Amino acid sequence: MLASARMRRLLAAAACFLTSSTIVTTAAAAPPADAPVPVHAGPCAGVQEATGTRADTRPIPDQLLRRCLKLNQIQVIGTHNSYKQPVTPEVLALLRLFDPELAASIEYDHATLAEQFSEQEVRQIELDVFADSQGGRYAGRLGLDLAGVPDAAPPPELLEPGFKVLHVQDLDFNSSCLNFVACLQQVDDWSDAHPAHLPVTILVELKDEAIRDPLGVGFVVPEPIGPEQLDALDAEIRSVFDEDEMITPDDVRAGHPTLQDAVLAGGWPTLRESAGKVLFLMDNGDADRDAYRLGRPSLEGRVLFTNATPGDADAAFVKVNQPLGNVDRIQDLVAAGYVVRTRADEPTVQARTGDTTQRDAAFASGAQWVSTDYPVPGSSPFSDYHAAIPDGDPARCNPVNTGPRCRPVG
């Protein structure tokens, strides 16, 4: 059982007090950029564990923060269904007649991925992927016919083999990048233009669920996702990103027996080691997770970190979408060494009411990635609701596993 977050923070504070002279005398000047840094020695002593809880609250220099602070010790904003563009108006109007709740839930959209990174300080995105090994499976876009929209040739990207990125087949299909590889290429292009960026995290949701079709209108049935498709997913990612451009389970596990052993021992890379890189998470659990880790209990050779169960060999990332009622649980997970994704809002719900209760709980939980559909002021058409990292630049020091000497991380 995980120790309480309060107990872990007290222990971390004690460790920092015992090493306080090291913190004060060495934080003024960072060591040479190319010098090796032992995990719990020299200028990083106390920084990686709690970054100071003593009376001296002078901020640690940014160069030292990047050198010592680890990937799991920051908090950033993410976006939900980051590729999503507005639903075709005629299709949305039709949905309002048959399923007004569904229609209300999909009335949101996002800027391009590059704009999210550069202008909205987003550092985590979500991509929904549908397998399409032969190409053309999702080119019909039946909702257009049902809504009486004049038939037009589908975008050529939909005819190509490979994973497609969209929200709901036949209905909510407008995307800023229709092919998974095209989405990844946009991330890679932005990364190449900003080589010192904080790590960008890409949450991948595997989708193969059919639309309920009581009237028999003939919605397309997705290609099932199994071991062959999961291998193809890894291959598509590796077709865009080289190994040294990613943070993979193998990188984090290093010499530890399991991936979980590594993260509980503080095995996440530092921000300096992570600069300019991407990492991938699997949103799905259950059968998809089991298929992905089959024969690879610690995700050996895999690209994605699974949405795992603490205690299992592959446990590094844990998804807890609802922070309300789960703040203590998330804080315990973060304090133990796991990374967590949670959500500041449900699709259009908080945006319509302006309620910030869930958002504030998400920030307080210490979840490293807080996902929203409204990352900047003015992004909601319904209210002034938005969710941006407090004092983030674009990240802030994690409120659970860092202390007052830590400061926003650019």
Side-chain angles (χ1 to χ4, degrees), residues 79-100 102-117 125-190 202 204-226 228-229 232-233 235-237 239-240 347 373 381:
T79 50
H80 165 243
N81 294 341
S82 313
Y83 56 88
K84 193 174 178 307
Q85 298 297 287
V87 183
T88 303
E90 294 87 346
V91 176
L92 186 62
L94 182 65
L95 284 174
R96 286 197 184 104
L97 294 175
F98 289 92
D99 193 338
L102 171 62
S105 73
I106 59 176
E107 287 187 274
Y108 65 92
D109 56 88
H110 289 290
T112 66
L113 300 182
E115 289 172 322
Q116 290 179 54
F117 298 143
I125 60 172
E126 177 183 358
L127 302 175
D128 292 346
V129 299
F130 289 78
D132 188 11
S133 57
Q134 301 302 311
R137 181 180 286 262
Y138 306 100
R141 302 182 297 171
L142 181 60
L144 297 176
D145 292 336
L146 297 175
V149 178
D151 193 22
E157 300 96 313
L158 291 179
L159 302 177
E160 300 169 359
F163 284 91
K164 302 302 184 294
V165 175
L166 49 104
H167 189 218
V168 181
Q169 66 274 24
D170 282 329
L171 297 173
D172 189 6
F173 43 74
N174 294 327
S175 172
S176 61
C177 45
L178 288 166
N179 287 349
F180 184 49
V181 167
C183 294
L184 299 183
Q185 191 60 61
Q186 290 182 17
V187 177
D188 190 41
D189 289 346
W190 182 86
I202 301 172
V204 178
E205 182 175 356
L206 310 168
K207 304 190 85 168
D208 60 5
E209 185 176 354
I211 297 174
R212 187 171 59 87
D213 190 10
L215 300 179
V217 299
F219 292 119
V220 63
V221 176
E223 178 179 332
I225 293 179
E228 181 180 349
Q229 288 75 19
L233 185 73
E236 288 200 9
I237 294 172
S239 75
V240 176
D373 287 312

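This is a predicted model, so every value here is computed, not measured. For this chain, numbers begin at 1 and follow the sequence in order.
- For the atom pair CG (L102) and CG (L171), the distance works out to 7.5 Å, reported to the nearest 0.5 Å.
- A donor-acceptor pair under 3.5 Å is formed between the side chain of D132 and the backbone N or O of G136.
- Between A210 and P222 the shortest heavy-atom distance is CA-CD, 3.9 Å.
- Put simply, the side chain of S175 gets close to the backbone of V165: a donor and an acceptor are under 3.5 Å apart.
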After noting the C-alpha distance and the side-chain angles of L158 and R141, does the key distance pass the side-chain contact (heavy atoms from CB on, under 4.5 Å) rule?
-> CA-CA 10 Å; L158 291 179; R141 302 182 297 171; 4.1 Å; yes

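- Note that CG of L184 and CZ of F163 are 11.0 Å apart. Values are rounded to the nearest 0.5 Å.
- No donor-acceptor distance shorter than 3.5 angstrom exists from the side chain of E223 to the backbone of F130, with no hydrogens or angles considered.
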Where do E160 and N179 land on the side-chain contact (heavy atoms from CB on, under 4.5 Å) test, with the steps shown first?
-> CA-CA 9 Å; E160 300 169 359; N179 287 349; 2.9 Å; yes

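- D213 places a side-chain N or O within donor-acceptor distance of the main-chain N or O of G216, the cut-off being under 3.5 Å.
- Side-chain N or O atoms of E115 include none that pairs as donor or acceptor with a backbone N or O of H110 at under 3.5 Å.
- In this structure, F173 and T88 have side chains that are in contact, with non-hydrogen atoms separated by less than 4.5 Å.
- Q134 is not listed as a side-chain neighbour of P161, based on a closest heavy-atom distance of 4.5 Å or more.
- In this structure a side-chain-to-backbone donor-acceptor pair under 3.5 Å is present from D170 to V220.
- With rounding to the nearest 0.5 Å, the separation of OG in S133 from CD in E228 is 6.5 Å.
- For the residue pair K84 and D172, the shortest heavy atom distance occurs at CE-OD2, 2.7 Å.
- In this structure the side chain of E107 reaches within 4.5 angstrom of the side chain of L92, judged on heavy atoms.
- The backbone N or O of A111 sits less than 3.5 Å from a side-chain atom of Q116, completing a donor-acceptor pair.
- We find the CZ-CG distance between F180 and D128 to be 11.0 Å, quoted to the nearest 0.5 Å.
- Judged purely by atom type and a 3.5 angstrom limit, K164 uses its side chain to pair as donor or acceptor with the backbone of G162.
- Across every non-hydrogen atom of Q229 and A131, the tightest pair is CG-CB, 3.8 Å.
- Counting heavy atoms of neighbouring residues, nucleotides and ligands inside a 6.0 Å radius, atom CD of E90 exceeds 12 of them.
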May I have the step-by-step check of side-chain contact (heavy atoms from CB on, under 4.5 Å) for L206 and D208, ending in yes or no?
-> CA-CA 7 Å; L206 310 168; D208 60 5; over 6 Å; no

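- Within the 3.5 Å criterion, the main-chain N or O of V221 finds a donor-acceptor partner in the side chain of R137.
- Between the side chain of E236 and the backbone N or O of L233, no donor-acceptor pair lies under 3.5 Å.
- Of all heavy-atom pairs spanning P347 and H80, the tightest one is CG-CE1, 3.9 Å.
- When all heavy atoms are compared, the tightest approach of I125 to F117 is CG2-CE2, 3.7 Å.
- Here the CG atom belonging to L142 is positioned 10.5 Å from the CD atom belonging to Q169, to the nearest 0.5 angstrom.
- Atom OG of S82 sits about 12.0 Å away from atom CG of D109, to the nearest 0.5 Å.
- Using a 4.5 Å heavy-atom threshold, the side chains of L146 and F219 count as touching.
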Could you please spell out the steps behind the side-chain hydrogen bond (donor to acceptor under 3.5 Å, both in side chains) verdict for T79 and D373?
-> CA-CA 6 Å; T79 50; D373 287 312; over 6 Å; no

Take H167 and Y83, measure what side-chain contact (heavy atoms from CB on, under 4.5 Å) needs, and give me the verdict at the end.
-> CA-CA 9 Å; H167 189 218; Y83 56 88; 3.5 Å; yes

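- The minimum heavy-atom distance linking A139 with L159 is given by the pair CB-CD2, 3.8 Å.
- Between V181 and I237 there is no side-chain heavy-atom pair separated by less than 4.5 Å.
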